[in-house]
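Just below is one structure, and these are the notes that go with it.
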Amino acid sequence: MEKAIIETPAGFAGLCWSGSGLVLLNLPAPTVSDAEIELESALERLPGRPNEAARPPAGGSIDVKRLEKGLNDYFSGKRADLSVPVDWSHYTEFQKKVLQRVYSVPWGRVVSYGQIAREVGTPRGARAVGGAVGSNRVLLVVPCHRVIAHDGTLGGFGGGLDWKRKLLKIEGLDI
DNA sequence: CTAACTAAACCTA
DNA sequence: TAGGTTTAGTTAG
């Protein structure tokens with residue numbers, strides 16, 4: 001499991017990845033040390049699998065430079081390409097299904113919890129979808145901030161509703 | 001296994 | 001619009 005702190009126009013973001021993809025991407029923090037602290041704390045809260053560190057395939061890692069450029073573009077207000085392989089191994093089946101669907105929501109668009117629920121085959125599981133997107137650990141790459149309530153209100157956000165509003169604002173949406 | 005949580009949606013008035 | 005009800009999956013005990 002490799003770690004890094006990268007600089008974005010909005011601050012310093014901590015991330016870590018395994019051989020199969022991105023494991024963690026935090027929202028930008030004001031200082032490098034804030035970002036480090038948040039990253040460590042997120043790592044401790046990572047569910048499951050103690051054998052993760054035991055298999056680091058040296059070759060297959062993510063393109064950190066490209067992600068850094070993507071985030072730079074994103075926080076400069078551009079329609080950025082944040083696509084990067086994600087390591088889904090720390091999620092339950094349901095969470096994975098939901099997050100993979102959210103992954104495909106394009107820049108500047110929003111969907112409702114209920115819509116996601118219908119699309120993953122649990123038509124009345126909107127609240128469960130809320131719980132699942134709340135488990136997202138690769139913010140922005142899986143754009144869970146684009147999932148809002150069906151009546152157009154914000155819903156919730158693990159990183160705080162101010163962040164959610166701000167991210168949507170960057171994408172031209174005033175909610 | 002149960003019970004208590006939700007980042008929802010629906011129904012009624 | 002407000003308030004109560006229904007709902008599916010996760011998590012703690």
Side-chain angles (χ1 to χ4, degrees), chain A residues 1 8 10-11 13-16 18 20-30 34-35 37-53 67 70-71 74-75 77 79-80 82-84 86-175:
Chain A
M1 192 86 89
T8 80
L15 63 151
C16 76
S18 70
S20 40
L22 192 63
V23 174
L24 223 50
L25 174 61
N26 283 343
L27 289 171
D34 286 334
I37 289 168
E38 287 179 22
L39 183 58
E40 289 311 315
S41 138
L43 272 170
E44 283 171 22
R45 304 224 155 273
L46 201 61
R49 309 266 299 295
N51 57 338
E52 181 66 33
L67 180 58
L71 290 172
Y74 182 84
F75 285 109
R79 195 171 312 233
L82 297 178
S83 65
V84 63
V86 173
D87 181 348
W88 300 107
S89 62
H90 299 274
Y91 297 98
T92 66
E93 280 308 304
F94 181 74
Q95 290 169 340
K96 198 195 309 183
K97 219 177 349 176
V98 169
L99 293 175
Q100 285 176 342
R101 170 62 187 90
V102 174
Y103 185 88
S104 70
V105 178
W107 190 96
R109 294 281 310 278
V110 291
V111 294
S112 74
Y113 297 95
Q115 188 176 338
I116 298 282
R118 287 190 291 276
E119 288 175 6
V120 300
T122 58
R124 267 148 257 170
R127 298 190 81 169
V129 167
V133 293
S135 73
N136 179 26
R137 272 161 244 120
V138 284
L139 302 197
L140 305 171
V141 171
V142 171
C144 61
H145 60 282
R146 295 180 191 139
V147 186
I148 65 176
H150 79 124
D151 62 357
T153 55
L154 266 182
F157 194 64
L161 286 179
D162 289 342
W163 261 114
K164 187 168 185 175
R165 200 175 292 109
K166 179 174 173 178
L167 295 174
L168 291 172
K169 184 89 177 178
I170 288 174
E171 302 181 18
L173 300 169
D174 209 344
I175 300 180

With sequence neighbours excluded, what pairs up with Lys169(A) under the salt bridge (Lys or Arg N to Asp or Glu O under 4.0 Å) test?
-> Asp174(A)
Can you sort out the partners of Gln100(A) under side chain to side chain donor-acceptor pair (under 3.5 Å), two or more places apart, ordered by chain and number?
-> none
Outer limits of DNA chain B sitting under 4.0 Å from a non-hydrogen atom of chain A, read 5' to 3', are dT6(B) to dC10(B)
Sequence-distant partners of Arg127(A), salt bridge (Lys or Arg N to Asp or Glu O under 4.0 Å), two or more places apart = none
For Gly131(A), which contact category applies under a 4.0 Å heavy-atom criterion: base, sugar-phosphate, or nothing?
-> nothing
Can you give me the N/O atom pairs linking the protein to nucleotides 6-11 of chain C at distances under 3.5 Å, or say none if there are none?
from    : atom 1 : to       : atom 2 : distance (Å)
dT10(C) : OP1    : Thr92(A) : OG1    : 2.9

For Arg165(A), which residues count as a side chain to side chain donor-acceptor pair (under 3.5 Å) partner, sequence neighbours excluded?
-> Asp162(A)
side-chain contact (heavy atoms from CB on, under 4.5 Å) partners of Ser41(A), counting only residues at least two apart = none
Residue whose nearest DNA chain B nucleotide is more 5′ - Arg118(A) or Tyr113(A) = Tyr113(A)
Lys96(A): what forms a salt bridge (Lys or Arg N to Asp or Glu O under 4.0 Å) with it, not counting sequence neighbours?
-> Glu93(A)
Given the rule that a pair is Watson-Crick or G-U wobble with both distances under 3.5 Å, how would you write DNA chain B in dot-bracket, using | for pairs to a different strand?
-> ||||||.||||||
For Asn26(A), what residues pass the side-chain contact (heavy atoms from CB on, under 4.5 Å) criterion, not counting sequence neighbours?
-> Glu38(A), Leu39(A), Ala42(A)
At their closest point, which heavy atom of Phe157(A) faces which heavy atom of Leu167(A), and how far apart are they?
-> CZ-CD1, 4.2 Å
Below 3.5 Å, can you tabulate the donor-acceptor pairs from side chains in residues 115-122 of chain A to any protein atom, sequence neighbours excluded?
from      : atom 1 : to        : atom 2 : distance (Å)
Glu119(A) : OE1    : Arg101(A) : NE     : 2.1
Glu119(A) : OE1    : Arg101(A) : NH2    : 2.9

Give the table of side-chain donor-acceptor pairs shorter than 3.5 Å for residues 147-156 of chain A, with sequence neighbours excluded, one pair per line with atom names and distance.
from      : atom 1 : to        : atom 2 : distance (Å)
Asp151(A) : OD1    : Thr153(A) : N      : 3.1
Asp151(A) : OD1    : Thr153(A) : OG1    : 2.6

